[in-house]
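To keep things clear, I will list the structure first and then write my remarks on it.
First the proteins, then the strands, lettered A, B, ... as listed; each starts at 1. Heavy-atom basis, side chains included; hydrogens, waters and symmetry copies ignored.
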There are 2 protein chains.
Amino acid sequence: MQTKECPDDICEQLCEHPQTICLAKKESISDNEAQQVAEIFKLLGDTTRVKILQVLSKRELCVCDIAAVIEMGQSAVSHQLRLLRNARLVRYRREGKMAWYSLDDEHVRSLLSQGIDHIKHR
Amino acid sequence: MQTKECPDDICEQLCEHPQTICLAKKESISDNEAQQVAEIFKLLGDTTRVKILQVLSKRELCVCDIAAVIEMGQSAVSHQLRLLRNARLVRYRREGKMAWYSLDDEHVRSLLSQGIDHIKHR
DNA sequence: CTAACATATGAACATATATTCATATGTTGT
DNA sequence: ACAACATATGAATATATGTTCATATGTTAG
């Protein structure tokens, strides 16, 4: 991302420390990467979706059962499932008129359980 | 949360599967827990904050250096740092007129690096 | 004390997001 | 074909969130 070497820290620049800044920039992730990372965490950053993912991490469930378990309306659940589906965090299969959802990302399972651990031990 | 045993799955209830729902409820986290988990991930779910946390994971930086590195205004950075400070994800120390920030949560360091790994390998 | 500076913060604004309601889609059983 | 049902989705609404601008706070140097 940064091609030039870091110049000496001559510090004409107010408080900024050019050399430190230059080093830090070299080690920083790109806008695009940061955005993608944020995207994943954003999906985990909603109470309803946390509940959905957590119950799906235990067993496959159909939409109306998810709604019953987390006590939310079918429509709200369905909207959230769409987001999770689009991001491929959940998998679904159709069986007759029912749609069965389950967790489809071991990485997310791990992040989720770490998040839960985190709040349980502090 | 659920004190009663799960009744047999007599299924008078439309599509819902009472026994499955009952079991799933027993294994589900509380509203409060889900909210706290979401709270953490919400903090990781913004591009600017991901960038801030990522650069702070490498080294301690003062506010205006953070702003320079991630190329954002001082005010925006300061506002975000407040959120991170309140959640104790970052630590800060004052040195004269400067404020030095660093990452203060190994759990978050781990979540962050997993998030970055995740998007890099897919 | 004053000026310059680093940081913090309140208010305003624009944008994003979650939920609800109404309705569409698609399946099953009669 | 029709009715009942499970799910999906568009539109509307309310709320939350991020950034900017202006300004406040607090520190240092002169």
Out of [options], which has the shortest distance to the side chain of [X]?
| X | options | answer |
| --- | --- | --- |
| Lys97(B) | dA8(C), dA8(D), dC5(C) | dC5(C) |
| Val63(A) | dT19(D), dT7(D), dA18(C) | dT7(D) |
| Arg85(B) | dT9(C), dT7(C), dA6(C) | dT9(C) |

Taking the side chain as every heavy atom from C-beta outward, state whether Glu60(B) and Arg93(B) have any pair of such atoms under 4.5 Å apart.
-> yes

Do the side chains of Gln74(B) and Cys64(B) get nearer than 4.5 Å, heavy atoms only?
->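 Sidechains of Gln74(B) and Cys64(B): no contact.
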
Give the rounded distance in Å between these two atoms: [atom1] of [X] and [atom2] of [N].
| X | N | atom1 | atom2 | value |
| --- | --- | --- | --- | --- |
| Leu84(A) | dA18(C) | CG | C1' | 13 Å |
| Leu44(B) | dT17(D) | CG | C1' | 16 Å |
| Ile66(A) | dA8(D) | CD1 | P | 9 Å |
| Phe41(B) | dA18(C) | CZ | P | 15 Å |
| Leu81(A) | dA6(D) | CG | P | 16 Å |
| Leu61(B) | dT7(C) | CG | C1' | 15 Å |
| Glu95(B) | dC5(C) | CD | C1' | 15 Å |
| Ile52(A) | dA18(C) | CD1 | P | 11 Å |

Less than 4.0 angstrom between a side-chain N/O of [X] and OP1 or OP2 of [N], yes or no?
| X | N | value |
| --- | --- | --- |
| Arg94(B) | dT7(C) | no |
| Arg49(B) | dG18(D) | yes |
| Tyr92(A) | dA6(D) | no |
| Gln80(B) | dT17(D) | no |
| Thr48(B) | dT19(D) | yes |
| Tyr101(A) | dA6(D) | no |
| Lys42(B) | dT17(D) | yes |

Flag yes if more than 12 heavy atoms outside Arg88(A) fall under 6.0 Å of its CZ atom; otherwise flag no.
->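 For Arg88(A), atom CZ is not crowded (no more than 12 foreign heavy atoms under 6.0 Å).
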
DNA chain C: Ser75(A) or Ser75(B), which has the more 5' nearest nucleotide?
-> Ser75(B)

Toward the 5' end of DNA chain C, by each residue's nearest nucleotide, Gly96(A) or Gly73(A) = Gly73(A)

Do Gln74(B) side-chain and dA8(C) base share a donor-acceptor contact under 3.5 Å?
->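 Looking at the base of dA8(C), it does pair with a donor or acceptor on the side chain of Gln74(B) (distance under 3.5 Å).
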
Nearest atoms (heavy-atom pairs only) where Leu44(B) meets Val50(B) = O-CG2, 3.2 Å

What heavy-atom pair brings Gln114(A) and Ser110(B) nearest, and what distance separates the two atoms?
-> OE1-OG, 3.2 Å

Hey, does Ala99(A) reach any base, or is it just sugar-phosphate, or nothing, if we go heavy atoms under 4.0 Å?
->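 Sugar-phosphate contact only.
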
Say whether Asn32(B) and Gln36(B), considering side chains only, have a donor N or O and an acceptor N or O under 3.5 Å apart.
-> yes

With centres under 5.5 Å and planes under 30°, do His79(A) and dT19(C) count as stacked?
->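 Here the ring of His79(A) and the base of dT19(C) are not stacked, as the 5.5 Å and 30° limits are not both satisfied.
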
